[in-house]
Amino acid sequence: MTPWSWCCGSRSRDPRRSVAAGAPSISARHRYPNPVSPESTPLSLERLVTTVAVRLMAANAATSPQVSGEVLAVLVAYFDVDFSFLRYNDHSIRASILIAEWPLRPDVPDPDPLRVVYYKDADPVFALAENVKSPMVFRPENQDYQKRIEEGRNIPQTSMAAAPLTSGDVTTGVLGFVKIGDREWTPAELNALEAIASLFAQVQARVQAEERLRHQADHDDLTGLHNRRALIDHLESRLATDEPGPVAALYLDLDRLKTINDYLGHNVGDWFLRVIAERLRRGAEDARVIARLGGDEFVVIPSSPMTIPEAERLATRLLTIVGERVPVDGEMLTRSVSIGVALATPGRDSASDLLRRADQAVLEAKAAGGNQVAVFSDEMSLRTDYRNDIELHLRDVIENGALFLQYLPEVDMRTGDVLATEALVRWNHPTRGLLSPAVFISVAESINLAGDLGRWVLRTACEEFARWRALGVADGIVLRVNVSPVQLVTDGFVETVAAVMAEFGLDPGSVCLEITESVVVQDMEATSVTLAGLRDVGVKLAIDDFGTGFSVLSHLKSLPVDVLKIDRSFVAELGENPDDLAIVRAVIALAEAFELELVAEGVETVVAAKTLLHHGCHRAQGFLLSRPLAGSDMAALLAKGRVPVHFSATPSV
Ligand code: C2E
Ligand code: CA
Ligand code: CA
């Protein structure tokens, strides 16, 4: 092993070849002009150092290898050596990286096996560079060194000087000069080398600082993955006209990471995210960009064009890898992930088009229960357009009169007497016509309008109801108003209800608020506080859609409710479906046991009506009895007092 190994191969078995390939002949060396002194006057060492300093000052991250190479050329000529090299240390992987060399080797293989040399594989002389602190000189008369040279035959005698690049106590690299044959280095020359090495070290520090900044600007601190900005940059270049396509995006959203943060703390959450990031790196190794968009959202962009089935296969693989168990504090955690897949065509789609589609797909995957892959479809985009349009108009609709109420009578099926009326909101949309609350209530909830909308419904219904009262047509009638789950947990909801009762002079006992069962079950604690407050105000409470979430059963006793409304899905097929009958009978028994009023929803058929009557449920609403009515029609019906119930006369089934 010889100093050639520093520049020509740490494990070079044939030094002659190395010399032939790596170093020019003496005559070739003279073909490089000395850029420092075009005239024949030799430069002083001080001038040399100054010249190098001026040259290196101009170098930045992008130009430093080139500038360094040029400076090496100057130094090779000045010191009359055959070869020189600049290498940086990467202590994190214990390796030496070739940054520049002079002269260039004519046939550098790709990848250059000399670019990265691991110290554990390097020869002992080379290995000194890992931590050397002051210049070293190796000469043919150096015994140890010479012995090494003799180990390999036919190696020309060489000498070398090497000066470390340092930063504080750390050796950050090495600058080396090799001469075929012997060469003495004077103390003054070695001082100059030290000075020059420190100039190179300054460039190195500057370049690394610049690279760190660039890395920070493009990467996520927590996981080291790319960030949104890098993702967008990458997508923009991939989606330029004439680039190969389609370009696939996989949008990953961890399911319920929040629970980890809430229950195990943010450190665990962070650690968990790092594990996931590592798994993505492993699972999507052919991805050009893996980005974390903050929170628990990641995007993977495969490096080559992909069809939907290919992207879906990759997504399915990632779904499995990410979903594997993660050990945390001796416990095993798993968190499934939802993945949205979308494609974009270069020259036609933008980066944001692609991300929006993938995001929509992931929302669908989540909505369908998570832990699955969803592929973006045109139908999805129509749905989103629809939703966006609703969102756009809903903001001012509450003020501008496009909302109105219809009323659904609740009837005693034995007599046809109207007992109550349920207010149902509708929206006359400017372009889409009459919209059902099933469509826009969820949008209102998602954009924080449920409170405003609910207040409007409550006030409007109570105002109209008070008018009917004043007309004397609504005595003994109950007004039912639906309440959105979001309203229930809104501050001041109880006070609003009390204020509306007072404003219209209504007896609170004549108003009943309907709350869906699923909501009651989801957040028992918060809802029971609100329900207790409403009970104090004096309004009645109904559990709507009863039977869709049986878990409320265990709380029935403690909840201050007055009415159960059997969900219409059980009523619709009564008479045909024995399971439904069993459930309805169970609910009837339950209502009796807890002394609650019972109302059947969605009575559409005579057989359903008769079945209900037969089993003891006589309060009902549904299209068989009446369609939802405009306010004026409801007032007229109240004045009449009853709907026709021909079926009640015939014997029950
Ligand atoms: P819901 O509270 O279960 O209301 C009953 C729904 O069933 C109404 O639909 C009504 O028109 C419909 N319906 C009544 N009888 C029959 C029948 O025999 N057959 C069929 N197929 N349907 C029947 P609508 O008006 O579309 O309301 C849907 C849901 O929207 C309501 O379900 C309620 O949860 C919600 N909603 C309605 N108005 C409001 C409101 O003002 N605020 C809130 N937060 N939600 C409301
Ligand atoms: Ca209802
Ligand atoms: Ca219902």
Side-chain angles (χ1 to χ4, degrees), residues 394 397-398 402-411 413 420-429 433-465 478-490 493 496-497 500 511-520 540-549 561-575 597-609 612 619-631 633-634 643 647:
L394 193 58
V397 79
I398 299 169
L403 287 182
F404 65 98
L405 296 180
Q406 286 187 336
Y407 295 88
L408 189 64
E410 181 183 311
V411 171
M413 289 189 290
T421 180
E422 178 180 3
L424 298 167
V425 65
R426 273 94 184 81
W427 175 9
N428 214 344
H429 186 278
L434 196 64
L435 290 185
S436 145
V439 172
F440 61 86
I441 298 268
S442 64
V443 179
E445 287 174 347
S446 70
I447 57 174
N448 264 335
L449 281 179
D452 293 346
L453 192 130
R455 253 192 309 281
W456 182 89
V457 170
L458 184 67
R459 281 199 77 246
T460 311
C462 286
E463 186 179 17
E464 196 152 28
F465 186 58
V478 172
L479 171 70
R480 302 204 196 277
V481 178
N482 293 285
V483 167
S484 151
V486 179
Q487 280 177 276
L488 266 195
V489 293
T490 310
F493 177 62
T496 304
V497 172
V500 171
V511 174
C512 174
L513 303 182
E514 299 193 356
I515 297 144
T516 30
E517 180 181 26
S518 55
V519 178
V520 181
K540 297 269 188 283
L541 296 169
I543 295 187
D544 208 348
D545 307 332
F546 190 80
T548 51
V561 295
D562 311 278
V563 181
L564 299 184
K565 295 185 79 168
I566 309 177
D567 190 66
R568 70 170 181 273
S569 60
F570 303 112
V571 176
E573 289 173 23
L574 270 185
E597 275 177 30
L598 187 62
V599 181
E601 300 186 294
V603 176
E604 290 186 15
T605 59
V606 170
V607 62
L612 287 163
R619 293 178 84 113
Q621 50 183 196
F623 294 171
L624 179 70
L625 304 161
S626 169
R627 293 265 164 179
L629 303 172
D633 294 338
M634 187 69 225
V643 298
F647 54 83

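Predicted, not measured: the structure shown is a model, and the values here were computed from it. Every number for a ligand or one of its atoms is a count from 1 in the order of the listing. Along the sequence shown, the residues carry numbers beginning at 1.
Of all the N, O or S atoms in Glu422, the one closest to the Ca ion (ligand 2) is OE2. Atom OE1 is the N, O or S atom of Glu514 at the shortest distance from the Ca ion (ligand 2). The atom of Asp544 nearest to the Ca ion (ligand 2) is OD2, with the search restricted to N, O or S atoms.
Considering backbone and side-chain N/O of Gln487, none are found under 3.5 Å from N/O of ligand 1. Checked against a 3.5 angstrom limit, the closest N/O atoms of Val425 and ligand 1 fall inside it. For ligand 1, none of its N or O atoms has an N or O atom of Leu424 under 3.5 Å away. At least one N/O-N/O distance between Asn482 and ligand 1 falls below 3.5 Å.
Within the listing of ligand 1, atoms 11 (O) sit less than 4.0 angstrom from a heavy atom of Pro628. Interface of Val457 with ligand 1, defined as ligand atoms under 4.0 Å from a residue heavy atom, comprises 41 (O). Less than 4.0 angstrom separates some heavy atom of Val483 from each of these atoms of ligand 1: 44 (N). Atoms of ligand 1 found under 4.0 Å from any heavy atom of Ser484, numbered from 1 in the order shown, are 44 (N). The Asp545 neighbourhood of ligand 1 comprises atoms 3 (O), with distances under 4.0 Å to a heavy atom of that residue. The contact set between ligand 1 and Glu422, taken as ligand atoms under 4.0 Å from a residue heavy atom, comprises 2 (O), 4 (O). Of all the atoms in ligand 1, the ones that sit under 4.0 Å from a non-hydrogen atom of Ser436 are 26 (O). Under a 4.0 Å criterion applied to the non-hydrogen atoms of Leu408, ligand 1 contributes the atoms 14 (C), 15 (N).
For the pairing with Thr516, the side-chain contact (heavy atoms from CB on, under 4.5 Å) check across Asp544, Asp567, Asn482 returns one residue only, Asp544.
The minimum heavy-atom distance linking Gln487 with Gly454 is given by the pair NE2-CA, 3.3 Å. Nearest heavy atom pair, residue Val603 against residue Ala620, reads CG2-CB, 3.7 Å.
At least one side-chain heavy atom of Leu394 sits under 4.5 Å from a side-chain heavy atom of Val397. Between Tyr407 and Glu464 the shortest side-chain heavy-atom distance falls below 4.5 Å. With a 4.5 Å cut-off on side-chain heavy atoms, Arg426 and Phe404 count as touching. Contact of the Pro409 side chain with the Leu625 side chain is not registered, since no non-hydrogen atoms from C-beta on lie closer than 4.5 Å.
Listed for the Asp562 side chain is a donor-acceptor partner under 3.5 Å among the backbone atoms of Leu541. Formation of a donor-acceptor pair under 3.5 Å by the Thr605 side chain with backbone atoms of Ala608 is found in this model.
Thr516 lies apart from the Ca ion (ligand 2) in this respect, since none of its N, O or S atoms is found at a distance under 3.0 Å.
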- Message: Between Trp427 and Val439, does the side chain to side chain contact (heavy atoms under 4.5 Å, CB included) criterion hold? Intermediate values first, please.
- Response: CA-CA 10 Å; Trp427 175 9; Val439 172; over 6 Å; no
- Passes side chain to side chain contact (heavy atoms under 4.5 Å, CB included), Val425 versus Ile441? Steps please. CA-CA 9 Å; Val425 65; Ile441 298 268; 4.2 Å; yes
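Within the 4.0 Å heavy-atom criterion, the part of Glu601 lying near ligand 1 is the side chain and not the backbone.
Here Arg568 contributes atom CZ and Glu601 contributes atom CD; the two are 7.0 Å apart, rounded to the nearest 0.5 Å.
Looking at Arg568, Lys565, Glu514, Glu445, it is Arg568 that brings a heavy atom closest to atom 6 (C) of ligand 1. Around atom 43 (C) of ligand 1, the closest heavy atom drawn from Leu405, Leu458, Ile441, Leu624 belongs to Ile441. Nearest-heavy-atom check against atom 19 (N) of ligand 1 across Arg426, Glu604, Arg480 picks out Glu604.
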